[in-house]
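Here is the structure we will look at.
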Amino acid sequence: MARAAVLVVALLQLLLVNDLTFGPRWLAPAVEFVMLVPLSIATAWNQAKVRVATAEHHWQAIGNYRLWIRRAAILLTGVISLINCGALFELVRNLLHGHGGSAQMLLVDALNIWITNVIIFALWFWSTDRGGPPTCGLTKRAEADFLFPQMTLPDREFGTWIPGFVDYLFLAFTNATAFSPTDTLPLSARAKLLMMTEAMISLLTVALVAARAVNILA
């Protein structure tokens, strides 16, 4: 799911109406694809190692590989975040200088940046909560960064429940639409900072860009 989300982001960047990226339009998606391919290969290779692991040193090596994979995934997420923030900056700059095209073009680009922002922060939440996916099944999970509703239920079937990428995607979507927590609460400082940053970017996109587009339409 996470790799598919990155591909969706690359596709959205290609569909931007205005030229809001540095260099050719294909450059940012190409960089993301080049980073994603070895990351996907390393993940598949490590999963194959898990199926044949028998000794303690095998599991230790797998754990080390997973940590490196996590660092590469965080780096990729950081690159995507910078690219999307750059696109938003360029769109705002165009607006301040009276450029940006028609209202319809502005709305399309604003929606594109907003959706990309939701996916990006779903990746951030997924890769940081409880130490990220690489620690699952190998070490004791770190303290939770988010309190999901399932974690508050007394039912035994939810005792070992672990959130998946879709849960973080829903969290990112609700935070970007409500500009505040909804059913899932941030527990750690980094979770609160991430949610604040996402809400701020979302508010800037909706309030400034969309309002300007509506003003043009009026």
Side-chain angles (χ1 to χ4, degrees), residues 1-40 71-128 165 168-180 190-217:
M1 286 294 294
R3 288 187 287 274
V6 174
L7 292 176
V8 170
V9 167
L11 177 62
L12 288 172
Q13 290 167 345
L14 287 173
L15 295 178
L16 281 171
V17 177
N18 290 284
D19 187 13
L20 303 176
T21 58
F22 301 102
R25 185 183 296 271
W26 53 264
L27 181 60
V31 170
E32 294 159 3
F33 184 76
V34 168
M35 296 179 68
L36 179 63
V37 169
L39 180 60
S40 301
R71 290 167 184 165
I74 290 177
L75 177 61
L76 174 59
T77 306
V79 169
I80 298 173
S81 300
L82 290 175
I83 292 172
N84 197 54
C85 287
L88 178 59
F89 173 81
E90 285 297 313
L91 187 57
V92 172
R93 189 169 69 87
N94 287 345
L95 285 174
L96 294 177
H97 288 82
H99 306 299
S102 65
Q104 291 82 1
M105 292 170 62
L106 290 173
L107 286 173
V108 169
D109 281 346
L111 181 62
N112 190 316
I113 293 172
W114 187 87
I115 294 174
T116 303
N117 187 54
V118 170
I119 297 175
I120 287 171
F121 278 91
L123 291 169
W124 277 119
F125 298 152
W126 176 72
S127 61
T128 57
F165 181 75
Y168 296 109
L169 182 63
F170 179 76
L171 168 62
F173 177 82
T174 55
N175 186 53
T177 52
F179 310 121
S180 64
R190 65 180 176 185
K192 294 175 182 178
L193 289 173
L194 282 172
M195 292 188 72
M196 286 171 57
T197 304
E198 184 196 12
M200 180 179 65
I201 295 173
S202 179
L203 181 61
L204 179 63
T205 305
V206 173
L208 182 59
V209 178
R212 172 61 176 163
V214 171
N215 183 55
I216 294 175
L217 284 172

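The side-chain heavy atoms of Leu36 and Leu7, taken from C-beta on, include a pair separated by under 4.5 Å. Using a 4.5 Å heavy-atom cutoff, the side chains of Ile83 and Glu32 are in contact.
Looking only at atom types and distance, the side chain of Trp124 has no donor-acceptor partner in the side chain of Thr197 under 3.5 Å away.
Exactly one of Ile113, Asn117, Thr116 qualifies for a side-chain contact (heavy atoms from CB on, under 4.5 Å) with Thr205. That residue is Ile113.
Here the closest heavy-atom approach between residue Pro29 and residue Ala10 is recorded as CG-O, 3.6 Å. The minimum heavy-atom distance between Arg190 and Thr128, with the atom names listed, is NH2-O, 2.8 Å. Closest of all the heavy-atom pairs between Glu198 and Ala172 is OE2-O, 2.6 Å. For Phe179 against Ala199, the heavy-atom pair with the smallest separation is CD2-O, 3.8 Å. Nearest heavy atom pair, residue Ala73 against residue Leu39, reads CA-CD2, 3.8 Å.
For Phe173, the CZ atom is loosely surrounded, since the number of other residues' heavy atoms within 6.0 Å does not exceed 12.
Atom OG1 in Thr174 sits 6.5 Å away from atom CE in Met195 (nearest 0.5 Å). Put simply, CG on Leu111 and CD1 on Ile115 are 4.0 Å apart, with the number rounded to the nearest 0.5 Å. Rounded to the nearest 0.5 Å, atoms OG (Ser202) and CG (Leu88) are 10.0 Å apart. In this structure, CG on Leu169 lies 13.5 Å from CZ on Phe121, to the nearest 0.5 angstrom. Within the model, atoms CG of Leu204 and SG of Cys85 stand 9.5 Å from one another, a figure rounded to the nearest 0.5 Å. The distance from atom CD1 of Ile201 to atom CG of Leu203, rounded to the nearest 0.5 Å, is 11.0 Å.
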Legend entry - Test side-chain contact (heavy atoms from CB on, under 4.5 Å) applied to Leu76 and Leu123, step by step: CA-CA 10 Å; Leu76 174 59; Leu123 291 169; over 6 Å; no
